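Below: one structure, written as structure tokens.
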Amino acid sequence: MQGFPVRRMRRLRYNPILRQMVEETELSLRRLIYPLFVVPGSGVRKEISSMPGVFNLSIDELLKEIRELVELGISAIILFGIPERKDESGSEAYSPEGIIQRALSAIKKEIKD
């Protein structure tokens, strides 16, 4: 048994976050992350042709969707912003008036958790 490690580093058990990440698969509402696509405008709810049942939503429609998700018990979302204009540096992504920044402000104001 020469060469067998005397001490086995259990790196995947190092902390609770890593342990939770590699534990047995469990499907539950607390593990779901719901994708939402945010676009500029008002009253926009346009289906994405390549993803049936998924919509581009303006901020007002986004808030309605999030309220429904909260009622269903889904507590995590991921936002994808579709900016009004695109440039080579992606300046809308870090602009204080970018679509994601405005959406997050509205969500924090309207939805408490």
Side-chain angles (χ1 to χ4, degrees):
M1 294 242 316
Q2 187 173 351
F4 188 80
V6 175
R7 187 167 140 192
R8 294 177 61 199
M9 303 300 283
R10 302 200 186 277
R11 69 173 200 260
L12 295 179
R13 298 181 192 165
Y14 177 71
N15 65 39
I17 294 170
L18 285 174
R19 282 194 302 273
Q20 183 181 22
M21 190 172 70
V22 298
E23 71 185 359
E24 291 297 319
T25 304
E26 169 192 327
L27 185 60
S28 69
L29 285 177
R30 71 182 180 90
R31 293 191 181 270
L32 295 179
I33 301 173
Y34 197 91
L36 293 167
F37 297 84
V38 190
V39 296
S42 179
V44 177
R45 183 179 185 85
K46 181 182 173 198
E47 188 168 29
I48 301 171
S49 61
S50 60
M51 295 187 285
V54 179
F55 297 87
N56 284 331
L57 304 167
S58 57
I59 293 174
D60 57 330
E61 293 293 323
L62 175 77
L63 294 174
K64 293 176 190 175
E65 188 80 10
I66 292 174
R67 286 186 193 101
E68 187 176 327
L69 294 174
V70 169
E71 288 177 18
L72 292 171
I74 298 172
S75 60
I77 62 169
I78 184 169
L79 296 176
F80 295 94
I82 313 298
E84 288 184 76
R85 62 180 181 81
K86 296 179 181 182
D87 58 25
E88 291 178 6
S89 64
S91 60
E92 286 293 307
Y94 55 84
S95 167
E97 292 302 313
I99 189 65
I100 291 294
Q101 292 82 337
R102 288 185 288 148
L104 284 174
S105 291
I107 292 167
K108 288 179 180 181
K109 184 177 177 183
E110 297 289 323
I111 315 291
K112 301 304 174 202
D113 291 329

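The structure presented is a predicted model; accordingly, all values stated were derived computationally and were not measured.
The two residues Glu47 and Gly53 have their closest heavy-atom pair at OE2-N, 2.6 Å. In terms of heavy atoms, Ile77 sits closest to Ile33 at C-CG2, 3.8 Å. When all heavy atoms are compared, the tightest approach of Glu110 to Leu63 is CG-CD1, 3.7 Å. Minimum heavy-atom separation, Gln101 to Ser95: NE2-O, 3.0 Å. Between Ser58 and Gly43 the shortest heavy-atom distance is OG-N, 3.1 Å. Nearest heavy atoms, Ala103 versus Ile59: N-CD1, 3.7 Å.
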Quiz item: Are Phe37 and Met51 close enough, and set up right, to give a side chain to side chain contact (heavy atoms under 4.5 Å, CB included), and what steps lead you there?
Solution: CA-CA 11 Å; Phe37 297 84; Met51 295 187 285; 3.7 Å; yes

Self-check item: Chi angles and distances behind the side chain to side chain contact (heavy atoms under 4.5 Å, CB included) call for Arg67, Ile111
Solution: CA-CA 7 Å; Arg67 286 186 193 101; Ile111 315 291; 3.6 Å; yes

Practice problem: Assess whether side chain to side chain contact (heavy atoms under 4.5 Å, CB included) is satisfied between Phe80 and Val38, documenting all intermediate values. | Solution: CA-CA 6 Å; Phe80 295 94; Val38 190; over 6 Å; no

Quiz item: Arg85 and Ser91: side chain to side chain contact (heavy atoms under 4.5 Å, CB included), yes or no, with the steps?
Solution: CA-CA 9 Å; Arg85 62 180 181 81; Ser91 60; 3.9 Å; yes

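The closest side-chain heavy-atom distance from Glu84 to Ile99 is not below 4.5 Å. Side-chain atoms of Lys108 and Ser105, non-hydrogen and from C-beta on, never get closer than 4.5 Å to each other. With contacts defined as side-chain heavy-atom distances shorter than 4.5 Å, the pair Leu62/Ile107 qualifies.
The hydrophobic cluster containing Leu69 also contains Leu104, counting ILVMFWY residues as joined when their side-chain heavy atoms lie under 4.5 angstrom apart, directly or transitively. No path of Ile, Leu, Val, Met, Phe, Trp and Tyr side chains, each step under 4.5 Å between heavy atoms, connects Val39 with Ile100, placing them in separate hydrophobic clusters. Val70 and Leu57 fall within the same hydrophobic cluster, defined by Ile, Leu, Val, Met, Phe, Trp and Tyr side-chain heavy atoms under 4.5 Å apart, directly or through other members.
Checking Val54, Asn56, Ile78, Ile66 one by one against Leu36, the side chain to side chain contact (heavy atoms under 4.5 Å, CB included) holds for a single residue, Ile66.
Residues Glu92 and Lys86 are not paired through a salt bridge, judged by the lack of any N-O separation under 4.0 Å between the basic side chain and the carboxylate.
The structure places OH of Tyr34 at 7.0 Å from CD1 of Ile74, a figure rounded to the nearest 0.5 Å.
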